[in-house]
Chemist: 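Submitted below is the structure of interest, expressed as structure tokens.
Computed over heavy atoms, backbone and side chain alike; hydrogens, waters and symmetry mates excluded. What you see is a predicted model, and the numbers here were worked out from it, not measured in a lab.
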Amino acid sequence: MKTLTIEGDNCFNADIVPYKRLWFAVLQQAISDVLNETTTETAKAYVVDFFLDKTNGVGTFNWICDFVDLNPEYVLKNVRRLYMKNIENKKRIEKTIIKNKKKRDMIEQGLGKLIIDENDKIKFVFTEKYKRLQNKLEKEDGLFGSNSEGKTCHQGSGDGGEE
């Protein structure tokens with residue numbers, strides 16, 4: 001029996017038969033929908049109902065877990081853990097935004113965003129909108145970042161910094 005996890009790309013493991021990969025992908029999508037901020041509240045409610053349904057019919061949460069050799073309690077425990085981590089990270093980001101007015105203003109204008117990197121650190125990064133605006137202004141006679149002596153001041157790589 002092949003053990004699958006709920007995180008990562010394990011449903012694409014070549015050792016797992018295609019029909020199990022399909023149902024595992026369905027389960028991963030449901031988890032992603034619950035954790036994704038852009039999922040509508042209505043869609044999230046449907047997914048939560050899917051997780052809480054205790055029946056064993058084809059396509060139900062319990063049926064899929066059994067079919068792909070996952071313990072449903074284990075999956076739910078980890079979904080709850082990931083959901084709570086998302087909430088904690090969101091609170092950390094909101095607290096950082098409140099503390100820094102310049103970054104808050106840039107975020108409100110769509111010019112920057114805060115992310116949590118692989119080391120669990122909050123970082124400010126410039127968005128593509130900011131980079132396009134910067135490039136446009138640089139092309140217009142070097143207006144972006146020029147000083148009184150006509151020298152251009154570079155604003156850095158745009159990768160932000162730690163909070």
Chemist: Looking at residues at least two apart in the chain, or sitting in another chain, which of them share a side-chain hydrogen bond (donor to acceptor under 3.5 Å, both in side chains) with Gln109?
Modeler: none
Chemist: Under the rule for side chain to side chain contact (heavy atoms under 4.5 Å, CB included), what residues qualify as partners of Lys77, not counting sequence neighbours?
Modeler: none
Chemist: For a quick test of reading the model, state the closest non-hydrogen atom pair linking Val47 to Asp33 and the distance between them.
Modeler: CG2-CB, 4.0 Å
Chemist: Would you say that Met106 contacts Phe126 through its side chain, given a criterion of any heavy-atom pair below 4.5 Å between the two side chains?
Modeler: yes
Chemist: Partners of Asn56 by side-chain hydrogen bond (donor to acceptor under 3.5 Å, both in side chains), sequence neighbours excluded?
Modeler: none
Chemist: side-chain hydrogen bond (donor to acceptor under 3.5 Å, both in side chains) with Asn36: which residues, sequence neighbours excluded?
Modeler: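 So Asn36 forms a side-chain hydrogen bond (donor to acceptor under 3.5 Å, both in side chains) with Thr38.
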Chemist: List in chain and number order the residues that pass side chain to side chain contact (heavy atoms under 4.5 Å, CB included) with Asp49, two or more places apart in sequence or in another chain; answer none if no residue qualifies.
Modeler: none
Chemist: If I take atom CG from residue Leu76 and atom CG from residue Leu52, how far apart are they, to the nearest 0.5 angstrom?
Modeler: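 Result: 7.0 Å between the selected atoms.
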Chemist: When rounded to the nearest 0.5 angstrom, what is the spacing between CG in Asn62 and OG1 in Thr55?
Modeler: 7.0 Å
Chemist: What heavy-atom pair brings Leu35 and Asn86 nearest, and what distance separates the two atoms?
Modeler: O-ND2, 3.1 Å
Chemist: Of all the heavy-atom pairs spanning Thr60 and Gly57, show the shortest one and how long it is.
Modeler: OG1-O, 2.7 Å
Chemist: Could you please spell out the steps behind the side-chain contact (heavy atoms from CB on, under 4.5 Å) verdict for Phe124 and Ile115?
Modeler: CA-CA 6 Å; Phe124 179 85; Ile115 63 166; over 6 Å; no
Chemist: Answer yes or no: is there a donor N or O on one side and an acceptor on the other, between the side chain of Thr39 and the main chain of Val34, under 3.5 Å?
Modeler: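 Not at all, since once roles are kept as given, no pair shorter than 3.5 Å links the two residues.
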Chemist: Applying side chain to side chain contact (heavy atoms under 4.5 Å, CB included), name anything that partners Phe67, two or more places apart in sequence or on another chain.
Modeler: Tyr19, Lys20, Trp23, Trp63
Chemist: Other than Tyr46, what residues sit in its cluster of Ile, Leu, Val, Met, Phe, Trp and Tyr side chains whose heavy atoms are under 4.5 Å apart, directly or through others?
Modeler: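 Result for Tyr46 is none, singleton.
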Chemist: To the nearest 0.5 Å, tell me how far Glu73 CD sits from Asn78 CG.
Modeler: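 Separation between the atoms: 12.0 Å.
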Chemist: Check the surroundings of atom NZ in Lys91: do more than 12 heavy atoms from other residues, nucleotides or ligands lie under 6.0 Å from it?
Modeler: no
Chemist: Can you run down the salt bridge (Lys or Arg N to Asp or Glu O under 4.0 Å) pairs that involve residues 105-116, sequence neighbours left out, and say none if there aren't any?
Modeler: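 For residues 105-116, and leaving out neighbouring residues, the salt bridge (Lys or Arg N to Asp or Glu O under 4.0 Å) pairs sorted by first residue read Lys101-Asp105.
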Chemist: Could you pull out all residues at least two apart from Thr40 that satisfy side-chain hydrogen bond (donor to acceptor under 3.5 Å, both in side chains)?
Modeler: none
Chemist: Looking at every non-hydrogen atom in both residues, tell me the closest pair between Cys65 and Val75 and how far apart they are.
Modeler: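 Scanning both residues, the minimum pair turns out to be SG-CG2, 4.0 Å.
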Chemist: If Ile, Leu, Val, Met, Phe, Trp and Tyr residues are connected whenever their side-chain heavy atoms lie under 4.5 Å apart, and connections chain through other members, are Val68 and Val58 in the same group?
Modeler: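 They do share one cluster, since a chain of ILVMFWY contacts under 4.5 Å joins Val68 to Val58.
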Chemist: How long is the gap from CD on Gln29 to CZ on Phe24, to the nearest 0.5 Å?
Modeler: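 Reported to 0.5 Å precision, the distance equals 12.5 Å.
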Chemist: Taking side chain to side chain contact (heavy atoms under 4.5 Å, CB included) as the definition, give me every residue that meets it alongside Glu128, ordered by chain and number, with sequence neighbours left out.
Modeler: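 Once residues adjacent in sequence are excluded, the partners of Glu128 under the side chain to side chain contact (heavy atoms under 4.5 Å, CB included) criterion are Lys131, Arg132.
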Chemist: Around Lys44, counting heavy atoms of other residues, nucleotides and ligands shown, do more than 12 lie under 6.0 Å from its NZ?
Modeler: yes
Chemist: Please enumerate all residues that pass ring-ring contact (aromatic ring centres under 6.0 Å, His included) together with Phe50, with sequence neighbours excluded.
Modeler: Phe61
Chemist: Could you tell me if the side chain of Val79 sits less than 4.5 Å from the side chain of Tyr74, heavy atoms only?
Modeler: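 Heavy-atom side-chain distance check fails, nothing below 4.5 Å.
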